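Here the structure is a predicted model, which is why all the values come from computation and not from measurement.
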Amino acid sequence: MGENSTWNQGSSSVNHYGQMYNIVSATAYLLGVPERIFQNEHESPRLDIYMELEKNKNARIVRNLCVLRTAIERNFKNINEKMRFEYKGLTAIPEYVPIDAITGLSSDGVTLKTGSKLTQHIIEINRLIMDRINNCKDLFPIWIKWEYLKNIFIMPNGLTEEGTKEAANIYYSYKEFYPYQVYLNWKPSDQGNIFYNDKKFVSLLYQWNHDEFDDYSRVCDVKSTTKERIYDFIDNSSKTIIVVDCENADPYQFCAAIRNLDPESMEKISKIVLYDDVHSANGWKLFDKYVNIPVEHNLIDRVKKGKSLVDISLTAGTCKSFYQKEADSFIIVSSDSDYWALISALPEAKFLVMIEREKCGPDMKGALINYGIFYCYLDEFYSGTAEDIKINSLLLSVRQQLDVAVQFNIRDILDQALLSCRIKMDTDEKNQFYNQYLSAIHLVIDDEGGAKIELNK
């Protein structure tokens with residue numbers, strides 16, 4: 001994992017009940033939850049995520065700072081007495097202060113400034129956390145509101161003695177409510193284990209900020225019973241092909257679904273056939289790079305400008321695959337009811353349908369149920385594993401639009417400027433002017449996204 005990479009792109013940590021633990025595990029690590037909690041298989045933070053974040057310098061620094069802060073808050077009276085009456089520093093009190101955290105910080109190039117008062121140590125730790133917490137932003141997916149997450153690491157008014165005392169009073173009054181008794185900035189109350197899973201933690205995080213989180217596909221996965229039905233369908237088939245109506249399916253949800261299914265079962269899929277239209281989502285162009293199943297991409301031309309032929313092509317292609325014995329079973333990915341005609345026309349074939357909850361009407365669902373055809377919702381699969389294809393699809397689209405929007409030749413502009421200013425330069429002089437003043441132009445983007453090209457001053 002690179003220092004600036006997002007550790008959970010394209011990966012997931014999930015149990016059989018669809019509960020995700022990526023965000024809570026990363027948050028617990030940074031806040032300094034003890035390693036033994038990660039090692040306990042009955043606790044939610046995952047050891048594999050702990051071990052991965054141990055490789056990240058920015059994450060280690062924040063964790064060790066939080067470990068020290070919690071230790072001081074928890075043992076403030078005892079540590080303070082040792083410092084005042086026995087003149088001991090933090091490194092000389094291993095019974096109260098984890099020396100590994102101090103040596104770990106030193107190894108990562110962070111040295112704590114010493115002070116005569118213990119509150120000065122807390123202020124210094126708070127300052128370092130404030131300075132460094134943004135270095136951990138890339139450890140979390142871009143959809144989460146970073147300011148909400150960041151604030152739980154920042155002690156309110158924590159650079160003053162008054163702020164540290166107020167935080168200590170709150171911590172001691174409600175210590176049993178703090179998760180694993182580690183310090184964090186929140187309004188403590190009896191809410192059970194706030195790190196129980198990603199869904200609970202993120203929902204609470206948004207509530208603490210007077211906001212609401214409802215995109216649960218980002219924090220939990222489809223039920224295990226749904227996955228088992230898909231595996232049974234594939235296992236009971238001789239050959240299975242997935243056929244996708246790209247006009248009526250979301251590439252990112254479908255990619256997430258495939259990547260959240262058991263790799264061994266997915267190896268039994270012969271291929272994924274994409275039936276695409278020029279107006280479909282950009283993500284389909286990159287799709288084959290993000291799945292480990294052979295992908296056949298069919299871009300369907302339009303005979304008439306306003307008429308797509310994707311549904312006809314998909315139907316014809318599926319029938320051909322069945323009758324030529326390429327496959328006996330098909331997983332149709334589409335929320336379009338037009339494919340009921342295809343299903344009813346091939347009674348000897350086996351079908352499973354993946355749809356999006358809000359895009360497929362009740363009549364189609366009722367027909368599938370009546371004929372005993374299993375269907376599942378793409379938008380119930382954990383979507384976190386599709387963050388990489390989303391980002392790269394966006395970047396591809398931005399590059400394409402920039403190629404169209406920004407097209408000019410700076411030497412032509414210089415020639416026009418010379419004419420308007422009625423200045424004559426020979427070739428050598430123009431080259432010198434170009435190299436000195438124009439070769440380092442740059443793009444300036446304001447907070448509203450407005451962009452303009454400027455010369456260096």
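Salt-bridge annotation for Lys430 and Asp415: present, with a side-chain N of the basic residue lying under 4.0 Å from a carboxylate O of the acidic one. Ion pairing between Asp250 and Lys359 fails under the 4.0 Å rule for side-chain N and carboxylate O. Using a cut-off of 4.0 Å between Lys/Arg side-chain N and Asp/Glu carboxylate O, Glu124 and Arg127 are scored as salt-bridged. At a threshold of 4.0 Å, the pair Arg63-Asp108 does not count as salt-bridged, since none of the basic side-chain nitrogens sits closer than that to a carboxylate oxygen.
In Phe233, the CZ atom is crowded: over 12 heavy atoms of neighbouring residues, nucleotides or ligands sit closer than 6.0 Å. Counting heavy-atom neighbours within 6.0 Å of Gln432 CD, excluding the residue itself, gives a total of 12 or less. Glu264 CD: 12 or fewer foreign heavy atoms inside a 6.0 Å radius. Surrounding NZ of Lys175 are more than 12 heavy atoms belonging to other residues, nucleotides or ligands, all under 6.0 Å away.
Judged purely by distance below 3.5 Å, without hydrogens or angles, the side chains of Ser393 and Asn282 never pair a donor atom with an acceptor atom. Between the side chains of Asn58 and Arg132, not a single donor N or O lies within less than 3.5 Å of an accepting N or O. A donor-acceptor contact under 3.5 angstrom links the side chains of Ser397 and Gln401, judged on distance only.
With sequence neighbours excluded, the residues that form a ring pair (Phe, Tyr, Trp, His ring centres under 6.0 Å) with Tyr148 are Tyr206.
Atom CG of Asn431 sits about 9.5 Å away from atom CG of Leu414, to the nearest 0.5 Å. Distance check, rounded to the nearest 0.5 Å: CE of Met20 to CG of Asn260 gives 6.5 Å.
Ring pair Tyr437/Phe433 is tilted by interplanar angle, where 30° to 60° counts as tilted.
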Check the pair Ile123, Thr160 against side-chain contact (heavy atoms from CB on, under 4.5 Å), reporting the backbone distance first and the verdict last. CA-CA 7 Å; Ile123 289 172; Thr160 67; 5.6 Å; no
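Looking only at side-chain heavy atoms (C-beta outward), Lys88 and Val97 stay at 4.5 Å or farther from each other. Proximity of Tyr290 to Asn392: side-chain heavy atoms (C-beta onward) are separated by under 4.5 Å at one or more points. Put simply, the side chain of Tyr377 does not reach to within 4.5 Å of the side chain of Cys360, judged on heavy atoms. Between Ser265 and Ile230 there is no side-chain heavy-atom pair separated by less than 4.5 Å.
Taking the ring centroids of Phe76 and Tyr172, they lie at or beyond the 6.0 Å cut-off. Aromatic pair Tyr174/Trp186: centroids not less than 6.0 angstrom apart.
Residue pairs meeting the ring pair (Phe, Tyr, Trp, His ring centres under 6.0 Å) criterion with at least one partner in residues 44-63, sequence neighbours excluded, are Tyr29-Tyr50, Phe38-Tyr50. Applying the salt bridge (charged side-chain N to carboxylate O under 4.0 Å, His left out) rule to pairs touching residues 204-216 yields Lys145-Asp211, Asp215-Arg218, sequence neighbours excluded.
Relative to the ring axis of Tyr434, Arg411 places its NZ or CZ within 45° and under 6.0 Å from the centre. The cationic group of Arg46 lies under 6.0 Å from the six-membered ring centre of Tyr21 and within 45° of the ring axis, placing it in a cation-pi geometry.
Using a distance-only test at 3.5 Å, with no hydrogens or angles considered, a donor-acceptor pair links the side chain of Asp198 to the main chain of Asn22.
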